[in-house]
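Atoms within a ligand are numbered from 1 in the order they appear, just like the ligands themselves. Residues take their numbers from the sequence shown, with the count starting at 1.
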Amino acid sequence: MPSAELDHAIDHTLLSRLQSLLKQVCDASPEARALVEEELLAAESTTVIDLTDDDDIPTQATNGVKRSRYAICEQCKEEFDITENDDEACQHHTGELEVDWDGDFWADHDEEIHGTIDLDLADEYPQGFMWECCNELGDSEGCETGPHIADESFKPEAKKRRVWE
Ligand SMILES: [Zn+2]
Ligand SMILES: [Zn+2]
């Protein structure tokens, strides 16, 4: 049974330590390994055309290779499940985010006093930015729809130790 103390410890432990701990747990317990494999791995599917039926419609077949089930999408930056990725799964923008100088969002912003206006502010003030692909505001929904694309180079960021100032 999970305990509140253990939950608390897990929530407050570095990601890198949890990763090595999970590997140790998988080595120590076949049940744990099976559970983790089921959650984190998915069979890789390949598209094949079965010539024995006459519809020529490609079917998905598994080739026995397993790969990570969850990936981060390089388009929308969200985590997705590769077993549930279809042509409408990902709404994203194809262009870059730009400062919306023409709108009046920044009219009262004095860079000398309030700081430089740049992309670092986009998370905090999406209404002050525009997507160059569709001229919509920074917090608008993606203008393109398609399947998620896995970012193969993604690694979860290890939490940095806080620097006291
Ligand atoms: Zn767009
Ligand atoms: Zn996506």
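Between H109 and W106, the angle of the ring planes goes over 60°, which puts this pair in the perpendicular group of the 30/60° scheme.
In this structure, SG of C90 and ND1 of H148 enclose an angle of 110° at the Zn ion (ligand 2), rounded to 10°.
Ion pairing between D27 and R33 holds under the 4.0 Å rule for side-chain N and carboxylate O.
Around the Zn ion (ligand 1), protein N, O or S atoms at less than 2.8 Å comprise H93 ND1, C133 SG, C134 SG, C143 SG.
No donor-acceptor contact under 3.5 angstrom links the side chains of T83 and N85, judged on distance only. Judged purely by distance below 3.5 Å, without hydrogens or angles, the side chains of D118 and T116 never pair a donor atom with an acceptor atom.
Here the side chains of W131 and S140 are in contact, with some heavy-atom distance below 4.5 Å. Residues L18 and L22 fail the side-chain proximity criterion, which asks for heavy atoms closer than 4.5 Å.
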